[in-house]
**Q** 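I have a structure I would like to understand better, so I am pasting it below and will then ask my questions one at a time.
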Amino acid sequence: MEKSSLRGGYTNLPIQSSLNFREIMMAMAKPGEIRTLTGGFGPEPLSISTSNIILTLCDPETKISLLGKYDREFVRDWIVFHTNATFSLPTEADFVIGTWKDIKPLSQFKCGTEEYPDRSATIILETEKLENLGVNLRGPGIKTSIELTIPDRELLHFNQSLYPMGLDFFLCCDDKLSGLPRSTRLVET
Amino acid sequence: MQKKNWSRKEWLSILAKSDLDSLSTLWKKVQINAEYEFFRKPEIGTVMVRGRSGGTGNSFNLGEITVSRCSVGLQTGEQGYGYIQGRSTEGATIAALVDAFMQTSHKKLIEQKILKPLDAIHKRNKKDLASKAEATKVDFFTLARKS
Amino acid sequence: MYVAVKGGEKAIDNAHAWLSELRRGDENVLELSVDQIREQLSLAVNRVMSEGSLFDPDLAALAIKQSRGDLIEAIFLIRAYRTTLPRFGYSAPINTDSMQCTRRISATFKDIPGGQILGPTFDYTHRLLDFKLAAEGNRTKAQSQKTEAKSTPHITEFLNKEGLIQTENDDGSDPPDLTREPLEIPANRAIRLQALSRSDEGFLLGLAYSTQRGYARNHAFVGELRIGICSVEMDIPELGFSIEIGEIEVTECETVNQFVGSKKEPPQFTRGYGLVFGQTERKAISMALVDRAMRWKELGEENKNAPAQDAEFVLYHCDNIQATGFLEHIKLPHYVDFQSEIELVRKLRKAADQNKKQEGK
């Protein structure tokens, strides 16, 4: 294996993964707020925040689908070495990693079932920019409203008709992270 | 009986099944020192063991065993992966270092001073067990019937 | 309904301290070490490993010590500890054909290739208390007859050659895992076997006995019972090949059951299967009987509404940690619950009294 596929795991696993888990959980609990993940790093083109989500949330029972430029052997090697996760088709994946361009159509991913809405995919969306500027969001976990740069409004429209089923998103840029759960809506103007 | 050349799969298996006391003692005796980095710090976890229904049918999950593992990189580039049954971060680290040094000029030394003795202990234990079992094998006496 | 009630902290601390003192017992008696438990109470250790579903003799011995010998409490400790460990992956199915047997017997054939090996069994002991053990300790050494370590083929394979026994084939499917997905009914055989292997020995023994006494009788013979060491092999993704990552002792029981045939299957022998961690033969035989009883549907047998045939009943009640958790929780404070019950009974009594009075008029 390439050294780049072996480096970048946690040096103090229980502490680092717990700290990041807390951040990731809060990102979903308070959509739109921007948080920082640290500790691990994967090979390019994986961002720091995506790498840390993988290290913290993935294990042998999670199926990952890598799209576009992320679907590379050394990226797969890194994920396997550090998490033992397996890879699957986009339609069966628990975690999907890609850019906005790669992930469409959204309808191809698991959206859960009426009985088990949690059996759905989480999309880790790598973005070029992540700031509290752009579209206006509302919903559970947002006091009044919050602005965030998102690649496309469709991302929010898609979930609207499916609730309680749907997709959850992490927007990732460098070491920054923001959560967009299925319950988040656009503020209509 | 004694094989001259173990494959990597074989030596990793010998290490995984060895007991910590013997491994640790033998390792300390060879005294190989080198700079290395951890790719994966030694950690303790489990592996889910599977069986087969009826011995040959579909697989099912039987239960877990504890396993420790570690991986290291030598400064010279060789990578070592250690797995060992049970909970021992020390054992996993030694196993990974042994694996790495087996790819260097220390190969002969390690084969002689670590792998060979470990394999011999394992074989002896198996033989002892087999011999005790053999002593409990039933000899049936059959009487010829008079017609 | 539960209400947070404060207080009792000191009482709890002191209760734990007393528990700890009692665990130690009389200090004039030597303290039991974990090594001693592992070596000298090994069948208790095996039971804790099998029902705790974690093969690690040292941990099981520690759990027995901590629980003062309450094995269900020890199993609880093991199950709790297990959840704190990351899982590195799944092994390849162990190959029991290449088991190094320490015991291997058949009740169906006398002369079997490889022979009947009794192993360290209680079977032929007289069940007389041995007072010498109390007075002098244990000194007998095992006999030994030199031989090489070897594996022995399964006995049921000989019936297979004549086509007299139903075959077990692998369709390559990935087995579901009870420890990851909640139990759903109907459960396939892989889930049933996993549940049975970690289930309570006493419960399983009772169920198996019920099938022998006539509740869904399936007339089992022990085709083969073997105990021994199997190596565990796993694919190591970073290496790209598999290695042996350890060795475990298991008990395997294959029963051969008479089967008169059904609409689906010709008359033949069918099988029940038991596979359990450690030297645990009572459990393995019980498992095989109950496994066979639950297979009535796929074999096209009649449903006799017997407990052992009812997979839902068996699977939802065989886990002693689930059972004890729910059972024992009723001793914990239910003060508010019970207050409402009292209110209800008072109301009903009042209404009944009034009815009586009205009838009396």
Side-chain angles (χ1 to χ4, degrees), chain B residues 1 7-17 39-40 43-69 71 79 81 83-87 99 122-140 142, chain C residues 50 53-56 59 82 85-94 96-97 100-102 110 115-119 142-150 154 168-171 173 175 177-178 189-190 193-194 197-198 232 234 236 238-239 241 243-248 252 254 271 273 275 277:
Chain B
M1 279 302 290
S7 67
R8 194 171 185 195
K9 178 185 165 106
E10 285 170 322
W11 81 59
L12 285 169
S13 300
I14 291 171
L15 291 166
K17 293 185 291 186
F39 291 133
R40 184 159 54 211
E43 56 177 344
I44 298 168
T46 71
V47 166
M48 176 57 95
V49 178
R50 285 179 169 165
R52 288 189 182 286
S53 54
T56 53
N58 285 342
S59 58
F60 68 95
N61 293 304
L62 176 63
E64 288 164 292
I65 57 171
T66 48
V67 174
S68 308
R69 67 177 182 183
S71 62
Q79 296 166 6
Y81 299 93
Y83 280 77
I84 189 164
Q85 184 174 11
R87 292 159 294 114
D99 179 43
H122 189 249
K123 287 218 170 83
R124 196 171 59 233
N125 289 343
K126 284 192 87 157
K127 200 172 164 174
D128 279 356
L129 212 57
S131 301
K132 283 178 189 168
E134 188 70 13
T136 67
K137 190 189 271 186
V138 181
D139 273 329
F140 286 106
T142 38
Chain C
S50 87
S53 204
L54 184 67
F55 192 98
D56 188 317
L59 278 181
R82 187 203 70 83
L85 297 177
R87 186 182 287 174
F88 298 153
Y90 294 84
S91 84
I94 55 171
T96 52
D97 232 8
Q100 197 202 335
C101 296
T102 50
K110 180 165 70 73
Q116 307 255 7
I117 297 165
L118 301 181
Q143 296 297 309
S144 172
Q145 180 147 6
K146 271 219 168 116
T147 183
E148 291 302 319
K150 54 184 176 287
H154 279 101
E168 300 270 8
N169 297 314
D170 178 19
D171 66 12
S173 59
D177 185 356
L178 260 187
R189 193 165 173 217
L193 290 172
Q194 183 182 11
S197 188
R198 70 212 299 266
V232 180
M234 184 171 84
I236 307 297
E238 59 267 25
L239 291 169
F241 54 83
I243 64 167
E244 287 172 38
I245 50 165
E247 283 180 324
I248 55 172
E252 185 187 42
E254 282 190 283
R271 310 175 194 228
Y273 189 66
L275 185 66
F277 279 158

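Only heavy atoms go into these numbers, but all of them, side chains included; no hydrogens, no water, no symmetry mates. Lettering follows sequence order; numbering is per chain, from 1.
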**Q** With a 4.5 Å limit on heavy-atom distance, are the side chains of Tyr83(B) and Leu12(B) in contact?
**A** no
**Q** For chain B, which of Asp177(C), Thr96(C), Asp97(C) has the most heavy-atom pairs under 4.5 Å?
**A**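 Top option by heavy-atom pairs under 4.5 Å: Asp177(C).
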**Q** Below 4.5 Å, heavy-atom pairs only: which of Gln85(B), Lys127(B), Arg8(B), Glu43(B) has the largest tally toward chain C?
**A** Gln85(B)
**Q** Go through the atoms of Arg198(C) and report whether side chain, backbone, both or neither lie under 4.5 Å from a heavy atom of chain B.
**A**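 Looking at Arg198(C), nothing touches chain B.
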**Q** Walk me through it: do Leu275(C) and Leu193(C) pass the test side-chain contact (heavy atoms from CB on, under 4.5 Å)?
**A** CA-CA 8 Å; Leu275(C) 185 66; Leu193(C) 290 172; over 6 Å; no
**Q** Going by an N to O cut-off under 4.0 Å, is there a salt bridge joining Lys17(B) and Glu244(C)?
**A** yes
**Q** Of the listed residues (Gly45(B), Gly51(B), Ser131(B)), which shares the most heavy-atom pairs with chain C below a 4.5 Å separation?
**A** Ser131(B)
**Q** Specify the closest pair of heavy atoms between Glu64(B) and Met48(B), including all atoms of both residues, with the distance to one decimal.
**A** CG-CA, 3.8 Å
**Q** Looking at every heavy atom in both Met234(C) and Ile245(C), which two are closest together, and how far apart are they?
**A** CB-CD1, 4.0 Å
**Q** May I ask you to name which of Ile65(B), Leu15(B), Thr56(B), Asn61(B) has the most heavy-atom pairs under 4.5 Å with chain C?
**A** Asn61(B)
**Q** Looking at Gly86(B), Gly57(B), Gly63(B), which makes the most heavy-atom pairs under 4.5 Å with chain C?
**A** Gly57(B)
**Q** Looking at SG of Cys101(C) and CD of Glu134(B), how far apart are the two atoms once the value is rounded to the nearest 0.5 Å?
**A**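 Going from SG on Cys101(C) over to CD on Glu134(B), the span is 12.0 Å.
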**Q** Using heavy-atom distances under 4.5 Å, tell me whether Arg124(B) contacts chain C through its side chain, its backbone, both, or neither.
**A** neither
**Q** Could you check which of Leu178(C), Val232(C), Leu54(C) has the highest count of heavy-atom pairs closer than 4.5 Å to chain B?
**A**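 Among Leu178(C), Val232(C), Leu54(C), the one with the most close pairs to chain B is Leu54(C).
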**Q** Looking at chain B, which one of Asp170(C), Leu59(C), Asp56(C) has the largest number of heavy-atom pairs inside 4.5 Å, strictly under?
**A**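 Highest number of pairs under 4.5 Å: Asp170(C).
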**Q** Given that the side chain runs from C-beta out, which part of Phe241(C) has a heavy atom under 4.5 Å from chain B: side chain, backbone, both or neither?
**A**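 Just its side chain gets close to chain B.
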**Q** Check whether Thr147(C) reaches the backbone of Ala130(B) with its side chain - one donor and one acceptor, N or O, closer than 3.5 Å.
**A**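 A pair under 3.5 Å: no.
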**Q** With respect to chain B, which residue among Gly89(C), Ala149(C), Ser197(C) yields the maximal number of heavy-atom pairs within a distance under 4.5 Å?
**A**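 Heavy-atom pair counts peak at Gly89(C).
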**Q** Has Thr102(C) got a side-chain atom pairing as donor or acceptor with Gly119(C)'s backbone, closer than 3.5 angstrom?
**A**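 Not at all, since once roles are kept as given, no pair shorter than 3.5 Å links the two residues.
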**Q** What part of Glu254(C) is in contact with chain B, defined as an atom under 4.5 angstrom from a non-hydrogen atom: side chain, backbone, both or neither?
**A**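 Only the side chain of Glu254(C) comes within 4.5 Å of chain B.
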**Q** With a 4.5 angstrom heavy-atom cut-off, which part of Ser173(C) approaches chain B: side chain, backbone, both or neither?
**A**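 For Ser173(C), backbone and side chain are both near chain B.
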**Q** By side-chain contact (heavy atoms from CB on, under 4.5 Å), which residues pair with Lys132(B), not counting sequence neighbours?
**A** Ala142(C)
**Q** Go through the atoms of Gln79(B) and report whether side chain, backbone, both or neither lie under 4.5 Å from a heavy atom of chain C.
**A** neither
**Q** Check whether Glu252(C) gets within reach of chain B through its side chain, its backbone, both or neither, counting any heavy atom under 4.5 Å.
**A**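 It is the side chain, since no backbone atom gets that close.
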**Q** Side chain, backbone, both or neither: which part of Gln100(C) has an atom under 4.5 Å from a heavy atom of chain B?
**A** side chain
**Q** Less than 4.5 Å to any heavy atom of chain B: does that hold for the side chain of Asn169(C), its backbone, both, or neither?
**A**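 Contact with chain B is through the backbone of Asn169(C) alone.
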**Q** Show the nearest heavy-atom pair for residues Tyr90(C) and Val47(B), with the distance to one decimal.
**A**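 Looks like C-CG1, 4.1 Å.
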**Q** Could I get the full list of ring pair (Phe, Tyr, Trp, His ring centres under 6.0 Å) partners for Phe55(C), not counting sequence neighbours?
**A**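 Here the qualifying residues are Phe277(C).
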**Q** Counting heavy-atom pairs under 4.5 Å with chain B, which one of Gly115(C), Pro93(C), Ser144(C) comes out on top?
**A** Pro93(C)
**Q** With chain B as the partner, which of Glu238(C), Lys150(C), Gln143(C) has the greatest number of non-hydrogen pairs under 4.5 Å?
**A**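 Of the candidates given, the most pairs with chain B belong to Glu238(C).
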**Q** So, does Arg87(C) use its side chain to make a donor-acceptor pair with the main chain of Thr46(B) at under 3.5 Å?
**A** no
